[in-house]
Amino acid sequence: MGTRTPKWWEKTVEYAYVKQYLGEYEFISPFDGEHETLSDCAITNGLQWSIIEFKATERWESAEKIKFNKHGSSNYAQAKLALVKGYGDSDKGIDHHFIVYGKLDLHRTLTLKSERYFSIENEYVFEPNNLINKGIELSSFAKYVHEFNQWKNGGNGGNGGGTNTYPPQNPNGGLSLSNYGVVVGVCLKDNVAVVMSIEDFVKETTPENSSNRTEILVAPKPLTFRHKAPPEEDESFA
């Protein structure tokens, strides 16, 4: 009988990541009895925000290009040029937006690897043990999510074409927000985390009855939680 080839999916990678790297965090809900907003929670607890997208294998870029380029053959390249200028590096990608995928090690055991979105595929690979500590503050993050979704749905970051509403809509059959990754907000001091889909993040940070809002107005409220020691930082390149 021949050797069986291990098989896994995006969800396998997602569950493995949560089990491996989020187990030390105290998850909190951003809502209290008075329906505290996500913005209130983020400011009160000093949350830093990042996006993590889970892929089955290391060949992730071609699928992402297809999603962008259905609105124009150079849309991915233009989006990368525009977004890394404000949020990252032209080679290493976006500072707070990550791809996590599975890869077999020498013992044929599934391990997790990560790269930054818009990086050169497989050029800058590192362990995903410190991704959530690389986030940015809420207002800048909300602006990035808006611009990213505009580009991905053919809106040129809000500078022409597509739609320019907030939250981003779905022009010409584009992908819905639920097709993207997850949003993670982490308080480094007290080691607590909020995890949600990008779709839910946009809903919670978009004021009601507003069709073109990119900034978040907040009125902080207190929130209590248990203290845990934060994990050690380590971004070892593989």
Side-chain angles (χ1 to χ4, degrees), residues 10-11 13-14 16-18 21-22 48-103 112-138 140-158 162 167-168 174-186 195-202 205 235-238:
E10 288 184 11
K11 279 297 180 183
V13 173
E14 182 175 353
Y17 177 81
V18 171
Y21 296 113
L22 295 184
Q48 300 292 298
W49 297 87
S50 56
I51 299 176
I52 302 174
E53 300 200 43
F54 299 100
K55 309 295 180 183
T57 72
E58 61 187 337
R59 299 303 178 191
W60 57 269
E61 190 177 34
S62 60
E64 295 304 298
K65 286 183 176 180
I66 290 173
K67 296 171 187 176
F68 279 88
N69 291 345
K70 66 184 297 182
H71 303 291
S73 60
S74 62
N75 201 47
Y76 180 86
Q78 292 179 39
K80 175 178 179 177
L81 184 65
L83 292 172
V84 298
K85 183 181 297 185
Y87 303 97
D89 180 272
S90 59
D91 291 332
K92 297 181 180 180
I94 302 298
D95 291 338
H96 59 274
H97 190 165
F98 305 97
I99 299 291
V100 173
Y101 53 81
K103 188 174 183 178
L112 301 182
K113 299 294 181 181
S114 57
E115 301 176 31
R116 290 182 173 88
Y117 204 96
F118 287 131
S119 64
I120 300 174
E121 185 182 68
N122 305 153
E123 186 74 19
Y124 300 97
V125 182
F126 50 93
E127 303 298 324
N129 57 336
N130 198 32
L131 304 186
I132 52 182
N133 288 1
K134 304 297 184 183
I136 59 177
E137 55 86 24
L138 181 65
S140 295
F141 182 77
K143 184 173 183 292
Y144 171 78
V145 170
H146 172 58
E147 293 175 4
F148 177 81
N149 287 326
Q150 284 288 312
W151 278 105
K152 206 163 190 177
N153 281 315
N156 293 343
L175 294 174
S176 70
L177 294 176
S178 60
N179 290 109
Y180 300 168
V182 297
V183 168
V184 181
V186 168
V195 180
M196 63 182 65
S197 69
I198 295 183
E199 182 176 31
D200 288 335
F201 174 85
V202 170
T205 55
E235 190 177 82
S236 303
F237 284 81

Result of checking Phe98, Trp60, Tyr76, Tyr144 against Phe118 for ring-ring contact (aromatic ring centres under 6.0 Å, His included)
Tyr76
d(Ile99 CD1, Lys55 NZ) to nearest 0.5 Å is 5.0 Å
Check whether any side-chain heavy atom of Leu22 sits under 4.5 Å from a side-chain heavy atom of Ile132, and report yes or no.
yes
Separation between CZ (Arg116) and OH (Tyr124), nearest 0.5 Å, reads 10.5 Å
So NE2 of His96 and OH of Tyr87: to nearest 0.5 Å the spacing works out to 7.0 Å
CD1 of Ile120 to CG of Asp91, rounded to nearest 0.5 Å, is 4.0 Å
side-chain contact (heavy atoms from CB on, under 4.5 Å) between Ser114 and Val100, worked out:
CA-CA 4 Å; Ser114 57; Val100 173; 4.0 Å; yes
Do Lys152 and Lys67 come within less than 4.5 Å of each other through their side chains, counting heavy atoms only?
yes
Assess the residue pair Ile51 and Tyr117 against the criterion (side-chain contact (heavy atoms from CB on, under 4.5 Å)); give the C-alpha distance rounded to whole Å, side-chain angles, the decisive distance to 0.1 Å, and a yes or no.
CA-CA 9 Å; Ile51 299 176; Tyr117 204 96; over 6 Å; no
Show the numbers, then the answer: is there a side-chain contact (heavy atoms from CB on, under 4.5 Å) between Glu58 and Glu121?
CA-CA 8 Å; Glu58 61 187 337; Glu121 185 182 68; over 6 Å; no
Side-chain H-bond candidate by donor/acceptor type, Asn133 with Gln48, under 3.5 Å:
no
Between CG on residue Asn75 and CG on residue Asn153, distance to nearest 0.5 Å:
9.5 Å
Does some side-chain heavy atom of Leu112 sit less than 4.5 Å from a side-chain heavy atom of Phe54?
no
Decide yes or no on side-chain contact (heavy atoms from CB on, under 4.5 Å) for Ile94 and Leu83, but give the supporting numbers first.
CA-CA 8 Å; Ile94 302 298; Leu83 292 172; 4.1 Å; yes
For the pair Ser74 (side chain) and Ala77 (backbone), establish whether a donor and an acceptor sit closer than 3.5 Å, ignoring hydrogens and angles.
no
Is the shortest side-chain heavy-atom distance between Tyr17 and Leu131 below 4.5 Å?
yes
Judged by modelled atom types alone, do Glu10 and Tyr101 share a side-chain donor-acceptor pair under 3.5 Å?
no
In Lys113, Arg59, Glu61, the residue satisfying side-chain hydrogen bond (donor to acceptor under 3.5 Å, both in side chains) with Asn122 is Arg59
Aromatic centroids of His97 and Phe148 separated by under 6.0 Å:
yes
Does a side chain donor of either Trp151 or Gln78 reach within less than 3.5 Å of an acceptor in the other side chain?
no
Taking the side chain as every heavy atom from C-beta outward, state whether Glu64 and Glu53 have any pair of such atoms under 4.5 Å apart.
yes
Which atom of Ser197 lies closest to which atom of Asp200, heavy atoms considered
OG-N, 3.0 Å
Pair Phe141 + Phe201: ring centers closer than 6.0 Å:
yes
Which distance, rounded to the nearest 0.5 Å, do you find between the OH of Tyr21 and the CG of Asn129?
5.5 Å
Smallest heavy-atom separation, Ser50 atom then Gly135 atom, equals CB-CA, 4.1 Å
